[in-house]
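Worksheet: one structure, shown below.
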Amino acid sequence: MLKNNPVMKKLVETGEERVGKLAQQLLSNEKFVAAVQTLVSSSLAAKGTLDTALRTALSAMNLPSTADVEQLRSKVDDLERLLTAVEGKVDTLVAAKSQSSKK
């Protein structure tokens with residue numbers, strides 16, 4: 001109902017236009033861009049520090065990290081593929097033996 005209202009459409013268009021102009025002004029401001037870049041860099045550095053501290057804490061408590069769990073999951077997947085291949089070969093051998101004993 002509100003989407004079809006011409007007054008609402010005009011308000012939305014005006015709002016979008018103003019937000020666009022504001023964004024353009026902010027992105028053309030070197031101080032703002034530098035501040036955002038510094039904030040992103042600091043956030044990434046803090047995340048790296050947190051990840052390292054978390055891995056150390058998990059290791060100290062003898063608990064697996066996410067990387068450890070992913071590595072284990074990969075090994076389990078490899079084992080499943082290997083077992084499936086072995087199972088297929090065993091089935092083939094059993095079928096061949098069954099047919100040769102029928103003759």
Side-chain angles (χ1 to χ4, degrees):
M1 181 172 163
L2 290 177
K3 289 182 180 180
N4 298 329
N5 187 329
V7 174
M8 286 301 294
K9 284 184 180 180
K10 183 64 176 168
L11 285 173
V12 169
E13 289 173 6
T14 304
E16 288 175 348
E17 185 179 315
R18 288 185 180 178
V19 168
K21 285 180 182 178
L22 177 63
Q24 188 177 16
Q25 287 175 346
L26 287 173
L27 292 175
S28 65
N29 183 330
E30 290 181 24
K31 288 183 181 180
F32 176 79
V33 172
V36 169
Q37 288 174 339
T38 302
L39 178 65
V40 169
S41 296
S42 298
S43 297
L44 291 174
K47 183 187 179 308
T49 302
L50 177 65
D51 287 346
T52 302
L54 186 57
R55 274 194 304 276
T56 302
L58 288 173
S59 177
M61 293 184 286
N62 201 26
L63 295 172
S65 69
T66 304
D68 294 335
V69 172
E70 287 300 320
Q71 187 178 22
L72 185 59
R73 182 176 289 134
S74 175
K75 287 182 180 182
V76 168
D77 289 343
D78 291 344
L79 283 173
E80 284 179 349
R81 282 190 290 276
L82 180 64
L83 285 174
T84 300
V86 169
E87 184 179 23
K89 289 179 182 179
V90 168
D91 288 346
T92 303
L93 288 173
V94 168
K97 185 175 181 179
S98 170
Q99 285 192 359
S100 68
S101 65
K102 289 181 182 179
K103 291 181 179 181

Examine [X] and [Y] and state if one hydrophobic cluster contains both, with Ile, Leu, Val, Met, Phe, Trp and Tyr joined whenever side-chain heavy atoms are less than 4.5 Å apart.
X     : Y     : value
Val36 : Leu22 : yes
Leu27 : Leu39 : no
Val7  : Val12 : no

Open item on the list: Under 4.0 Å between a side-chain nitrogen and a carboxylate oxygen: does that hold for Glu13 and Lys9?
Closed with: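 So Glu13 does not pair with Lys9 through a salt bridge.
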* Answer yes or no: is there an ion pair linking Asp51 with Lys47, defined by an N-O contact shorter than 4.0 Å? =>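 Answer for the salt bridge query: yes.
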Legend entry - Minimum-distance pair of heavy atoms, taken over all atoms of Leu58 and Ser65: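 Closest pair (atom of Leu58, atom of Ser65, distance): CD1-CA, 3.9 Å.
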Q. With no hydrogens and no angle check, is any side-chain donor or acceptor of Ser41 less than 3.5 Å from a backbone partner on Gln37?
A.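 Pair found, side chain donor or acceptor close to backbone of Gln37.
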Query raised in the report: Are the side chains of Thr14 and Lys10 in touch, meaning some heavy atoms are under 4.5 Å apart?
Result: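 Touching, per the 4.5 Å side-chain cut-off.
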Roughly how far apart are [X] [atom1] and [Y] [atom2], rounded to 0.5 Å?
X     : Y     : atom1 : atom2 : value
Lys31 : Leu26 : NZ    : CG    : 14.0 Å
Glu87 : Thr92 : CD    : OG1   : 10.5 Å
Thr49 : Leu44 : OG1   : CG    : 11.0 Å

Identify each donor-acceptor pair in which a side-chain atom of residues 77-86 lies under 3.5 Å from a protein atom, sequence neighbours left out, and give them as a table.
{"from": "Asp78", "atom 1": "OD1", "to": "Arg81", "atom 2": "NH2", "distance (Å)": "2.3"}
{"from": "Thr84", "atom 1": "OG1", "to": "Glu80", "atom 2": "O", "distance (Å)": "2.8"}

